[in-house]
Amino acid sequence: MTDFADRVEQVSISGIREVFEAAGEDAINLGLGQPDFPTPAHARRGAIEAIESGQADAYTSNKGTEQLREAISAKYDRDYGLAVDPADVIATSGGSEALHLALEAHVNPGEEVVFPDPGFVSYDALTHIADGTPKPVGLREDLTLDPATVEDAITEETAAFVVNSPANPTGAVQSEADMREFARIADEHDVLCISDEVYEHIVFEGEHRSPLEFAETDNVVVVSACSKTYSMTGWRLGWVVGSNRRIERMLRVHQYGQACASAPAQYAAEAALTGPQDQVTEMVETFEQRRDLVLDGLTDAGLEVPTPEGAFYAMPKVPEGWCDEVLDRGVVVVPGDAFGANGEGYARLSYATGTEELKEALEIIDDATRAVQ
Ligand SMILES: Cc1ncc(COP(=O)(O)O)c(C=O)c1O
């Protein structure tokens, strides 16, 4: 009988799903990784018009429509003053596919990929799928990734390191100084920096900066998406930006695995990127208010929690048995070890949930915390 491939046997379905399954029907779900806002109407309309006119019926160019790639290029100019050639962009099926392309195109069997632990679950899994060796590294006390830790972890075998700011599951935002260091490390050690920027617009203090702004070589590729910024997780539209030679390699994986991103989603994304951005501003303001609410609630319950400066997650340190106690009382949170071994003793709370529900959940958390302390 044909056996399964080792690289697939090393990957399991994310532990997050198990938590959801254990929760009752009426549970308040603080486990979700997607904004609780509608996709902007003008983005939906972009897809509807493309469908009705027949424009979305056929394959697009493998990299995505010229208009979408121009819109992505204009976004990098607007946000970071970066000149990105539309030819150096691939529209992908979400940020997830973009991460997959970056790893598949750059990691040889056995080569190491350094990434944050706790960190987004895909980094470990996609490294295995690319036949690489995961090298998770711990975070600072404030849950940011120290460039020195990354530099120490780099060996002759390192193919890439992943930076994720604002971060899932911590909500931490890397400083400009850190981003400059990541760019320097990529340049000096000649390793690829994969910068996962899917939460780039959800920042409460200061601004998101990208290592792409500071690198002197082409050793940075950037992954982003419409998913979080425009509340478009279901549309599956992201992208990867890199130098032409890197895009050309990633395109080989994309062309045979995907052909092109879904055409209706491409038209929706173009409309989202070129249309009014006020809904993004409003969403970020709402997240900031909820962040403050959650921070106060957790601190009042006696938990220690670094102030998250972006995304829509908080990651408090929690006593043993806390996650089960909270879940038993009807609030879904994700145990920190679902994001890596160093996540043990933490929990991830998403505040992509209505304010009233959040208040109710925080009261339950307060009681649960007293019960286990
Ligand atoms: C850090 C991070 N990167 C990438 C992704 C994937 O995003 P997408 O839904 O665009 O595939 C997520 C989704 O949760 C994420 O949290």
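When a ligand or atom number is given, it counts from 1 through the structure's own listing order. Since the model is a prediction, treat every value here as computed from it, not as a measurement.
Checked by distance only, ligand 1 and Asn168 come closer than 3.5 Å through their nitrogen or oxygen atoms.
Protein heavy atom nearest atom 12 (C) of ligand 1, with residue, atom name and distance: Phe120 CZ, 3.3 Å. Ranking the protein heavy atoms by distance from atom 14 (O) of ligand 1 puts Lys228 NZ, 2.7 Å first. In terms of protein heavy-atom proximity, atom 6 (C) of ligand 1 is nearest to Ser96 OG, 3.4 Å. The protein heavy atom nearest to atom 10 (O) of ligand 1 is Ser227 OG, 2.5 Å. Scanning all protein heavy atoms for the shortest distance to atom 9 (O) of ligand 1 gives Arg236 NH1, 3.0 Å.
Using the six-membered ring where Trp is involved, Phe161 and Phe182 have ring planes that are tilted, between 30° and 60° apart.
Ion pair Glu104/Arg252 not flagged as a salt bridge, since none of the NZ, NE, NH1 or NH2 atoms sits closer than 4.0 Å to an Asp/Glu carboxylate oxygen.
Ligand-side atoms of ligand 1 in range of Asn164: 1 (C), range being under 4.0 angstrom from any heavy atom. Every atom of ligand 1 is numbered from 1 in the order shown, and the set under 4.0 Å from a heavy atom of Gly94 is 10 (O), 11 (O). Near Ala225, meaning under 4.0 Å from one of its heavy atoms, ligand 1 places the atoms 10 (O). Annotation for ligand 1: atoms under 4.0 Å from non-hydrogen atoms of Gly95 are 8 (P), 10 (O), 11 (O). When each atom of ligand 1 is checked for a heavy atom of Tyr123 under 4.0 Å away, the hits are 1 (C).
Outside the 6.0 Å centre-distance limit, the rings of Tyr123 and Phe339 are not counted as a close aromatic pair. Between Phe115 and Phe120, the distance separating the two ring centers is not shorter than 6.0 angstrom.
Glu97 does not count as a contact of ligand 1, since none of its heavy atoms falls under 4.0 Å from the ligand. Taking a 4.0 Å cut-off on heavy atoms, Trp239 fails to register as neighbouring ligand 1.
Checked by atom type and distance alone, the side chain of Ser73 pairs as donor or acceptor with a backbone atom of Val84 at under 3.5 Å. Side chain of Thr158 to main chain of Glu112: no donor-acceptor pair is present (N/O by atom type, distance under 3.5 Å, no hydrogens or angles).
Between Leu30 and the choices Leu362, Leu358, Val332, the side chain to side chain contact (heavy atoms under 4.5 Å, CB included) rule is met once, by Leu358.
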Test ring pair (Phe, Tyr, Trp, His ring centres under 6.0 Å) on Phe204 and Phe287 and set out the steps. CA-CA 9 Å; Phe204 311 131; Phe287 278 144; 7.4 Å; no

Report the C-alpha separation of Phe214 and Tyr80 in whole Å, then their side-chain angles, then the decisive distance to 0.1 Å, and conclude whether the ring pair (Phe, Tyr, Trp, His ring centres under 6.0 Å) test is met. CA-CA 11 Å; Phe214 309 117; Tyr80 307 103; 9.7 Å; no

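Looking at Thr233, Val121, Leu32, Asp196 and measuring to atom 1 (C) of ligand 1, the nearest heavy atom belongs to Asp196.
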